[in-house]
Amino acid sequence: MAVGIFDSGLGGLTVLDAVVKRLPDVPVVYFGDNANAPYGVRDADDVYNLTTNAVERMWDAGCDLVILACNTASAAALRRMQESWIPPNKRVLGVFVPLIEALTERSWGDNSPPREVEVKHVALFATPATVASRAFQRELAFRAIGVDVEAQACGGVVDAIEDGDMILAEALVRSHVDALKRKMPNPEAAILGCTHYPLMQDVFQDALGPDVKVYSQANLVAESLADYLERHPGMTGPGEESMFLTTGDPRKVSDRATQFLRRKITFQSA
Ligand code: DGL
C-alpha cells in the first residue's frame, strides 16, 4: 500500500516528513532525481522526460499514486502527463492546488466560481521554470479574483541547498526577498512555491518581516493526501516497504537528508 513522493532532489523531503507524520502507517517510496537537479533551469520537455522516467520507477516499486512534490515538475509536466501518459489505474497529483485552496479559503475540491478573497497582495517565490510557466497564476485565477501576484524567480537557491551550502542559500534568499520587495513593498502573504524553500522558511520569514503570512506546502499537501486516500482507499499501491531512491550518490544524498530531517535517512540507487 505504498504511495510515491517525487522531487528533483531533496526538497520533497519536506513533504515526505509531513506525510509520514500525518499517515504513519502508509509506506512511502521517495524518489530524488539528485543527479539531474535542479529542474528549475530546464525546459519543459526535459522536465517531462525526467519526471516520467522517475514516476515509472516508482510504479515498479509498488506505487499506484505518486505525488509530484516538485512545483517545477507540477508546473511544467503534470498537465501533459495527465492528458496522455498516465494509465487509467494510476494517479499522479501535483502540489499547487492544496496551497492555492488554503490561500483562497477553500476546502478540498471546491470548484465554485472565482470569488474575492481576503488576501490581495501575494508574493510568489519559485524556481525560474515555475515562474515562467505562470501555472500558479492560472490555478489562482480559477478560484480568486482581484489578487495581485508578484513572482520572484529564485535562481541558485535549489543548487545551494542541494550542495549543502546553507550560507549561500541564505544570502540568495535575502537578495531575492529584497528584489521582490522593490516590486511589491508590502505583500500580505508569501508563497514558498518550491518544496526546497521550507528548509529556508525562517530566513524567508525574517527577511519578509513578521506581518507577512508565509505559506509552505508540506502540511497542506499531507492533509490533502490524507483526505484523498480516505475517499480513494484503493489508490495505495501493492508496495509494502518504505524506501528512499536517488539517481545521485546515495551516501552524499543520505548525509544531506539526515541533516535536513534530523533523523537517519538511507538512500539507495534508483
Ligand atoms: N523542489 C523543486 C520545486 O518544488 C525544485 C525544482 C528544481 O530542481 O529546481 O520546484
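Below, each value reflects all heavy atoms present in this structure, side chains not excepted, and no hydrogens, waters or symmetry copies. We count ligands from 1, going down the list as the structure has it; atoms in each ligand are counted the same way.
For C70, the closest heavy-atom approach to ligand 1 falls below 4.0 Å.
Atom NZ of K181 is separated from atom CG of L208 by 6.0 Å, given to the nearest 0.5 angstrom.
Within ligand 1, the atoms closer than 4.0 Å to a non-hydrogen atom of D7 are 1 (N), 2 (C), numbered from 1 in the order shown. Every atom of ligand 1 is numbered from 1 in the order shown, and the set under 4.0 Å from a heavy atom of T127 is 6 (C), 9 (O), 10 (O). Numbered from 1 in the order shown, with element, the atoms of ligand 1 that lie under 4.0 Å from a heavy atom of S8 read 5 (C), 6 (C), 7 (C), 8 (O). Taking every heavy atom of T72 and a limit of under 4.0 angstrom, the matching atoms of ligand 1 come to 3 (C), 6 (C), 10 (O). Every atom of ligand 1 with a heavy atom of Y39 under 4.0 Å away is listed here by number and element: 7 (C), 8 (O), 9 (O).
Ligand 1 has no N or O atom lying under 3.5 Å from any N or O atom of T130, backbone or side chain. For ligand 1, the polar-atom distance check finds an N/O of T195 within less than 3.5 Å of one of the ligand's N/O atoms. Taking distance alone, with nitrogen or oxygen atoms compared against 3.5 Å, G40 approaches ligand 1 more closely than that limit.
Of the heavy atoms in N71, both backbone and side-chain atoms come closer than 4.0 Å to ligand 1. Neither the backbone nor the side chain of V95 comes within contact range of ligand 1; no heavy atom lies under 4.0 Å.
In this pair, W85 and W59 present their aromatic rings parallel. The plane angle is below 30°, not in the 30 to 60° band.
Between F125 and Y197, the distance from one ring center to the other does not fall under 6.0 angstrom.
S8 and D33 share no donor-acceptor pair across their side chains, judged by distance under 3.5 Å alone. Donor-acceptor pairing under 3.5 Å is lacking for the side chains of H121 and E150. Using a 3.5 Å distance cut-off with no hydrogens or angles, the side chains of T130 and N71 do not pair a donor with an acceptor.
Within the 3.5 Å criterion, the main-chain N or O of S112 finds a donor-acceptor partner in the side chain of R106.
Using a cut-off of 4.0 Å between Lys/Arg side-chain N and Asp/Glu carboxylate O, R231 and D227 are scored as salt-bridged.
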